[in-house]
Q: 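I am attaching a structure below and will ask some questions about it afterwards.
Only this structure's heavy atoms are used, side chains among them; waters, hydrogens and symmetry mates stay out. Computed from a predicted model, the values in this text were never measured in an experiment.
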Amino acid sequence: MALPTMTAEQRSEALAKAAAVRKARSELVEQVRKGKVSMAEMLKRADTEDLVKKTKVAAVVKALPGIGPVTAAKLMDEAEIPVDRRIGGLSSRQKAALLEALKH
């Protein structure tokens, strides 16, 4: 499928919109890193916020205080969550398993 042709103006608008979304998503992950937002809260917000829904689970888990890349990979493996899964794509079982794994 060919990409639609865009005018220079449309392209610049799309790039600006994408940059704004990336900035908002990085600010959200930074709030998680600082401990202002919990994983449970992120899962609840995913029901209503597109930004949260489209954020990768791995990025949020790695940003949790005290959890590095190795521990994050282990937690996601225990919860049977693929590395590239986004929060909006989690099943209720995966959400429960992730929250349970984070308690330990």
Q: Considering residues at least two apart in sequence or located in another chain, which fulfil the side chain to side chain donor-acceptor pair (under 3.5 Å) criterion with E27?
A: K23
Q: Taking only residues two or more places apart in sequence or in another chain, which ones pass salt bridge (Lys or Arg N to Asp or Glu O under 4.0 Å) with R11?
A: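 If we apply the salt bridge (Lys or Arg N to Asp or Glu O under 4.0 Å) test to R11, skipping adjacent residues, there are no hits.
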Q: When rounded to the nearest 0.5 angstrom, what is the spacing between CG in D47 and CD1 in I87?
A: 11.0 Å
Q: Can you list everything that forms a side-chain contact (heavy atoms from CB on, under 4.5 Å) with T5? Sequence neighbours excluded, please.
A: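 T5 satisfies side-chain contact (heavy atoms from CB on, under 4.5 Å) with no other residue.
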Q: When clusters are formed by joining ILVMFWY residues with side-chain heavy atoms under 4.5 Å apart, either directly or through shared neighbours, do I81 and V32 land in the same one?
A: yes
Q: Are I67 and M39 close enough that some pair of their side-chain heavy atoms sits under 4.5 Å apart?
A: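 They are not in contact (no side-chain heavy atoms under 4.5 Å apart), so the answer is no.
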Q: For a quick test of your reading: what N or O donor-acceptor pairs under 3.5 Å do the side chains of residues 51-63 make, sequence neighbours left out?
A:
{"unit_1": "T55", "atom_1": "OG1", "unit_2": "R25", "atom_2": "NE", "d": "3.4"}
{"unit_1": "T55", "atom_1": "OG1", "unit_2": "L51", "atom_2": "O", "d": "2.7"}

Q: Would you list the pairs meeting side chain to side chain donor-acceptor pair (under 3.5 Å) in which at least one residue belongs to residues 31-42, sequence neighbours left out?
A: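 Listed by first then second residue: E30-R33.
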Q: Please round to the nearest 0.5 Å and tell me the distance separating atom CG of D84 and atom CE of M76.
A: 8.5 Å
Q: Which distance, rounded to the nearest 0.5 Å, do you find between the CD of E100 and the CG of L75?
A: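 So the gap between those two atoms works out to 11.5 Å.
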Q: Quick one: side-chain contact (heavy atoms from CB on, under 4.5 Å) partners of S91, sequence neighbours excluded?
A: R93, Q94
Q: Rounded at 0.5 Å granularity, tell me how far CD in E80 sits from CZ in R85.
A: 11.5 Å
Q: Identify the two heavy atoms, one from A79 and one from L98, that lie closest to each other, and give their separation to 0.1 Å.
A: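 Heavy atoms of A79 and L98 come nearest at CB-N, 3.8 Å.
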